[in-house]
2 protein chains.
Amino acid sequence: MLKKLDPLLHSELRLAIMSLLISVEKAEFTYLKEQTEATAGNLSVQITKLEDAGYIIVKKGFKGKIPQTTCNITKKGIEAFEKYVEDLKDYLKL
Amino acid sequence: MLKKLDPLLHSELRLAIMSLLISVEKAEFTYLKEQTEATAGNLSVQITKLEDAGYIIVKKGFKGKIPQTTCNITKKGIEAFEKYVEDLKDYLKL
DNA sequence: ATAAAGTAGTTTATAATATAAACCAAATTT
DNA sequence: AAATTTGGTTTATATTATAAACTACTTTAT
């Protein structure tokens, strides 16, 4: 009855990152940091985990002279997110 | 925008326990163990945490000669569960 | 020109949490 | 009566999350 929840998404910060990325084409590291109110270190770690899973793509570039990291969700990431939402519904009685 | 999720409920097993308890008057330890497919040790620990938080009440008795632990959700537990569901909806875009 | 402070992150260490293994007490089965 | 099963708890370990420390560079102030 209760499905196993994707442990990669069942983390408050990683879920927040995915939730933000699912509605936009792409987002900068600094934007994600502002929105989630996470520390840079924690955000960096969790972004890497999502990247390793193939749920997001991370691109490193420069905005003028300043380094800039942008993220975007992948098809695999969208699918995983949607599955997670469906799986959770049983728990939440939705 | 994104609310902080109750860390006590944002755990797969504890959420499953609460999800099961919210629909019934009470449930036995063994029933929860079957439904969640958790090990007895893990279940025991998580039940204690929910009890310490006042989210559930745990009663120890006997069924014949065999020990029997039964759990039921409290008003506080129901409220916490409902708040958790509402808070999560922002993440899930529901 | 250089020191101080800020930006954008990563790496590493530590704290918190989840899980499993080991254990206990009593009951049941062989 | 020994072995197994039931119903758990306690304790140790693995995993995960978080924060602190660090790197590399830019901007601003002196």
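The figures here come from the full heavy-atom set of this structure, side chains too, leaving out hydrogens, waters and symmetry mates. Below, chain A is the first sequence line, B the second, and so on; all start at residue 1.
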Expected list for residues 55-72 of chain A: side-chain donor-acceptor pairs under 3.5 angstrom, two or more places apart:
from, atom 1, to, atom 2, distance (Å)
A/Tyr55, OH, A/Asp6, OD2, 2.7
A/Gln68, NE2, A/Glu28, OE1, 3.0
A/Gln68, NE2, A/Glu28, OE2, 2.8

*Please list residues of residues 46-53 of chain B whose heavy atoms come under 4.0 Å from any atom in DNA chain D, ordered by number; otherwise none.*
none
*Value in whole Å for how far the C1' atom of C/dA8 lies from NZ of A/Lys63*: 10 Å
*Separation of D/dT9 C1' from B/Lys60 NZ (nearest whole Å)*: 8 Å
_Please enumerate all residues that pass salt bridge (Lys or Arg N to Asp or Glu O under 4.0 Å) together with A/Lys89, with sequence neighbours excluded._
A/Glu86
_Whole-Å gap separating P (D/dT9) and CG (B/Leu43)_ = 9 Å
_Shortest non-hydrogen contact between A/Phe81 and A/Met18, atoms and distance_ = CD1-CB, 3.9 Å
*NZ (A/Lys93) with more than 12 external heavy atoms under 6.0 Å*: yes
Distances for protein N/O vs nucleotides 21-29 of chain C N/O pairs under 3.5 angstrom?
none

*For A/Lys83, all residues meeting side-chain contact (heavy atoms from CB on, under 4.5 Å), sequence neighbours excluded*: A/Asp87
*D/dC25 C1' sits how many Å from A/Phe62 CZ, rounded?*
9 Å
_Show me the pairs that pass side-chain hydrogen bond (donor to acceptor under 3.5 Å, both in side chains) and involve residues 35-47 of chain A, at least two apart or across chains._
A/Arg14-A/Gln46, A/Asn42-A/Gln46
*What nucleic acid atoms does A/Ser44 come within less than 4.0 Å of, heavy atoms only: base, sugar-phosphate, or nothing?*
base
*What residues, two or more places apart in sequence or in another chain, satisfy side chain to side chain donor-acceptor pair (under 3.5 Å) together with B/Glu79?*
B/Lys75
*Can you name the residues that form a salt bridge (Lys or Arg N to Asp or Glu O under 4.0 Å) with B/Lys76, not counting sequence neighbours?*
none
*asked:* My understanding is that only residues two or more places apart in sequence, or in another chain, count here; which of them pass salt bridge (Lys or Arg N to Asp or Glu O under 4.0 Å) with B/Lys49?
replied: none
*asked:* A/Glu51: which residues meet the salt bridge (Lys or Arg N to Asp or Glu O under 4.0 Å) condition with it, sequence neighbours left out?
replied: none
*Could you check how far NZ of A/Lys33 sits from P of D/dT18, rounded to whole Å?*
15 Å
*For the atom pair CD1 (A/Ile17) and OH (B/Tyr91), what is the distance rounded to the nearest 0.5 Å?*
11.0 Å
*Separation of A/Leu5 atom CG from C/dT17 atom P, in whole Å?*
18 Å
*Does any residue of residues 6-32 of chain A have a heavy atom under 4.0 Å from DNA chain D, and if so, which ones, in number order?*
A/Ser11, A/Arg14
